[in-house]
Amino acid sequence: MAKRNSNPNALSPKSIGFVDGETQLSKYLKVKDFTKSSTATIRGINNKLPNSLLDNAKQIGKIYDKIYEKFNGNVTLTSGYRSLALNNAVGGSSTSQHKSALAIDVQGKNGVKNVEILNWVRRNVVFGQLIHEYGTSIEPKWTHVGYGTKMQFLKIGVKNTKGLSLHLTDEGDI
């Protein structure tokens, strides 16, 4: 008979290992799409989703599904989960929710503008953080959505009409 580990500090089997890429996080999102990164591929960085973050990924996946359905699939997920190594490689924030599998970056396609996504999310989705990232004061390069209920809206690296960068503008709570 196998001896049971009675150490309360021992890692559970769920906390060890990674989620298979074919695992469905939500109706429209698989793990392989949530962890896909050209930077990770080029640099040989392991960006597999740890089992311990699966529930987080499923929560942000629900938000992705709402966006996907609203825009009839005319959106592209450009960033989801980032391992610490990947987050460092892309110059991500040390407090990035991407590292906890609680954030997505989304871009429109087939005529859907990023600002349309941003404005729709701002009015229709409960989120922790919504960021108008880079681009111009009118059109973000992409829209970042973080899971939670804080409802904080930020603009990062946005250029105004004179081409001046507004590195970080906090529009405050919504």
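R123 contributes atom CZ, which lies 11.0 Å from atom CG of L130 (distance to the nearest 0.5 angstrom). Going from atom CG of D33 over to atom OG1 of T76 covers 10.5 Å, rounded to the nearest 0.5 Å. The CG atom of N47 sits 12.5 Å away from the NZ atom of K36 when rounded to the nearest 0.5 Å. A distance of 11.0 Å separates CG of N114 from CG of N119, quoted to the nearest 0.5 Å.
For K113, the NZ atom is loosely surrounded, since the number of other residues' heavy atoms within 6.0 Å does not exceed 12.
Between W142 and Q107, the side chains place no donor N or O within less than 3.5 Å of an acceptor N or O (distance only, hydrogens not considered).
Every pair passing ring pair (Phe, Tyr, Trp, His ring centres under 6.0 Å) that includes a residue from residues 21-53 is listed here, sequence neighbours excluded: Y28-Y68. Screening residues 84-118 for ring pair (Phe, Tyr, Trp, His ring centres under 6.0 Å) gives H98-H144 as the qualifying pairs, with residues at least two apart or on separate chains.
Grouped with I45 in one hydrophobic cluster are L86, V90, the linkage being side-chain heavy-atom contacts under 4.5 Å among Ile, Leu, Val, Met, Phe, Trp and Tyr residues.
Not a single salt bridge (charged side-chain N to carboxylate O under 4.0 Å, His left out) links E139 to another residue, sequence neighbours left out. Listed by chain and residue number, E22 satisfy the salt bridge (charged side-chain N to carboxylate O under 4.0 Å, His left out) test with K30 (two or more places apart in sequence, or in another chain). Remark: K62 pairs with Q59 by the side-chain contact (heavy atoms from CB on, under 4.5 Å) rule, at least two apart or across chains. E116 is linked by a side-chain hydrogen bond (donor to acceptor under 3.5 Å, both in side chains) to nothing, counting only residues two or more places apart in sequence or in another chain. Residues passing the side-chain contact (heavy atoms from CB on, under 4.5 Å) test with N56 are L53, S100, A101, L102, sequence neighbours excluded. Applying the side-chain hydrogen bond (donor to acceptor under 3.5 Å, both in side chains) test to S37 and every residue at least two apart in sequence or in another chain returns nothing. With sequence neighbours left out, the side-chain hydrogen bond (donor to acceptor under 3.5 Å, both in side chains) criterion links S79 to R82. In this view, N72 and N74 satisfy the side-chain contact (heavy atoms from CB on, under 4.5 Å) rule, not counting sequence neighbours. A search for side-chain contact (heavy atoms from CB on, under 4.5 Å) contacts involving S93 returns T95, S96, not counting sequence neighbours.
Of the possible donor and acceptor atoms, one in the side chain of K99 sits under 3.5 Å from a partner among the backbone N and O of S94.
Linking ILVMFWY side-chain heavy atoms closer than 4.5 Å, directly or via other members, places Y81 and L54 in a single hydrophobic cluster. Hydrophobic clustering places L25 together with V125 (ILVMFWY residues linked when any side-chain heavy atoms are closer than 4.5 Å, directly or through intermediates). Note: the hydrophobic cluster containing I104 also contains F71 (ILVMFWY, side chain heavy atoms under 4.5 Å, direct or indirect links). Hydrophobic clustering (ILVMFWY, side-chain heavy atoms < 4.5 Å, transitive): W120 and L29 are in one cluster. In this structure, V126 is a member of the same hydrophobic cluster as V121, with clusters built from ILVMFWY side-chain heavy atoms closer than 4.5 Å.
When every heavy atom of A89 is checked against every heavy atom of T39, the shortest pair comes out as CB-CG2, 4.1 Å. Between I60 and Y147 the shortest heavy-atom distance is CD1-N, 3.7 Å. Scanning all heavy atoms of the two residues, the minimum distance from V31 to D20 falls at CB-O, 3.5 Å. The shortest heavy-atom contact between S137 and H132 is O-CE1, 3.5 Å. The nearest pair of heavy atoms linking G61 to S26 is O-OG, 3.3 Å.
The shortest side-chain heavy-atom distance between L118 and F153 falls under the 4.5 Å cut-off. Using a 4.5 Å heavy-atom cutoff, the side chains of V19 and K48 are not in contact. Counting heavy atoms from C-beta outward, F18 and L49 have side chains that stay 4.5 Å or more apart. Using a 4.5 Å cut-off on side-chain heavy atoms (C-beta onward), T143 and I67 make no contact.
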Show, in sequence, the C-alpha distance, side-chain angles and deciding distance for N124 and K66, and conclude whether the side-chain contact (heavy atoms from CB on, under 4.5 Å) test is met.
CA-CA 9 Å; N124 297 285; K66 289 178 184 180; over 6 Å; no
